[in-house]
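Okay, so here's the structure we're looking at.
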Amino acid sequence: MTNLDKVRVVVTGAAGGIGSALARRLHAAGARLALTSRDPERLDGLVRELGGPGDGLWAQSADLADEPSVESFFEGAREHLGSLDALVNVAGLSRPGQIVETSLADFEQIWHANVTSAFLASKHAVPLIDPDAGGAVINVSSVAGLRPNATAPLYCTAKAALDMFTRAFALQVKQRRIRVTALNPGGTDTPFWGDRPVDRSKLMSAEDVVDVIMFVLNAPSTVQISAVEFEPFHP
Ligand SMILES: NC(=O)c1ccc[n+]([C@@H]2O[C@H](COP(=O)([O-])OP(=O)(O)OC[C@H]3O[C@@H](n4cnc5c(N)ncnc54)[C@H](OP(=O)(O)O)[C@@H]3O)[C@@H](O)[C@H]2O)c1
């Protein structure tokens, strides 16, 4: 995809820091968008900011851990966009904490937000991608999926699973001319961090991450970018 004008893209986690920055950039590039996130009010706010809803801009909130909700979103995406060219799975969350103090409900929430979401969105997006035209799936993972940290072990676990899902899924959909990429960013200044004590001046911006996503989306269709690991650079 070297020209994103009219390209049909689904973005999950679209009302979040990275997702909204991506939606703004894709919209400016002329892409046709179907956006989803959990919080309907923030999603509506983003759509209004982009001048929609309207032709080429549609959104519906969904809990991506809930298959009927995901099915309903993709049914709407099909009605509004027809077939799809790309899916960018941005949705995800972390809950830092000691394992001995973590509930099974916390574990399930982290797993669902990072792994189930990508599985269900991929499952329902693939049938909408024309195998003659091909397409792209980008899963936003994290450096936490590649390198353990003691702060958020379940987040590391979920992102490592997402990385393996990405690699194995890529083999399954290769024959449909779908290229699948894992994106492994380091710390990025978004609402993801909540009130955790981090020095935000040391983080990347959501725009930085979007630059890398656009690089992947713009790669020639003869190139498979399997994974991109990147992080803040402070020489
Ligand atoms: N910020 C970082 O430092 C960083 C670094 C590496 C990787 N990442 C990854 O980057 C992605 C985007 O994060 P961000 O920094 O933009 O954080 P963010 O601002 O908190 O956005 C996360 C988005 O995911 C959505 N989401 C979470 N669980 C969901 C679910 N079950 N169903 C539907 N939507 C769900 C949230 O929706 P609601 O807000 O409506 O709940 C929100 O829109 C995540 O996958 C994160 O793990 C972030």
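In each ligand, atom 1 is the first atom listed, and ligand 1 is the first ligand listed.
Heavy-atom proximity to S37, at under 4.0 Å, picks out these atoms of ligand 1: 37 (O), 40 (O), 43 (O). Every atom of ligand 1 with a heavy atom of V140 under 4.0 Å away is listed here by number and element: 9 (C), 10 (O), 11 (C), 45 (O). Here is the list of ligand 1 atoms found below 4.0 Å of a heavy atom in D39: 40 (O).
Annotation: A65 places no N or O atom under 3.5 Å from an N or O atom of ligand 1; distance criterion only. Residue-to-ligand polar distances keep A113 apart from ligand 1: every N/O pair is separated by 3.5 Å or more. By the 3.5 Å distance cut-off applied to N or O atoms, G187 is not counted among the residues near ligand 1.
Qualifying side chain to side chain donor-acceptor pair (under 3.5 Å) partners for S201, counting only residues two or more places apart in sequence or in other chains: D199. In terms of the ring pair (Phe, Tyr, Trp, His ring centres under 6.0 Å) criterion, F119 has no residue partners (sequence neighbours excluded).
Of the listed residues (S117, S61, A62), the one carrying the non-hydrogen atom nearest atom 33 (C) of ligand 1 is A62. In this comparison of G13, G92, G194, A15, the heavy atom closest to atom 22 (C) of ligand 1 sits on G92.
From R24, atom CZ reaches atom CG of L33 across 12.0 Å, with rounding to the nearest 0.5 Å. Between the CD atom of E207 and the CE atom of M214 there is a distance of 10.0 Å, given to the nearest 0.5 Å.
Outside the 6.0 Å centre-distance limit, the rings of F215 and F230 are not counted as a close aromatic pair.
Under a 4.0 angstrom heavy-atom cut-off, S94 registers as lying outside contact with ligand 1.
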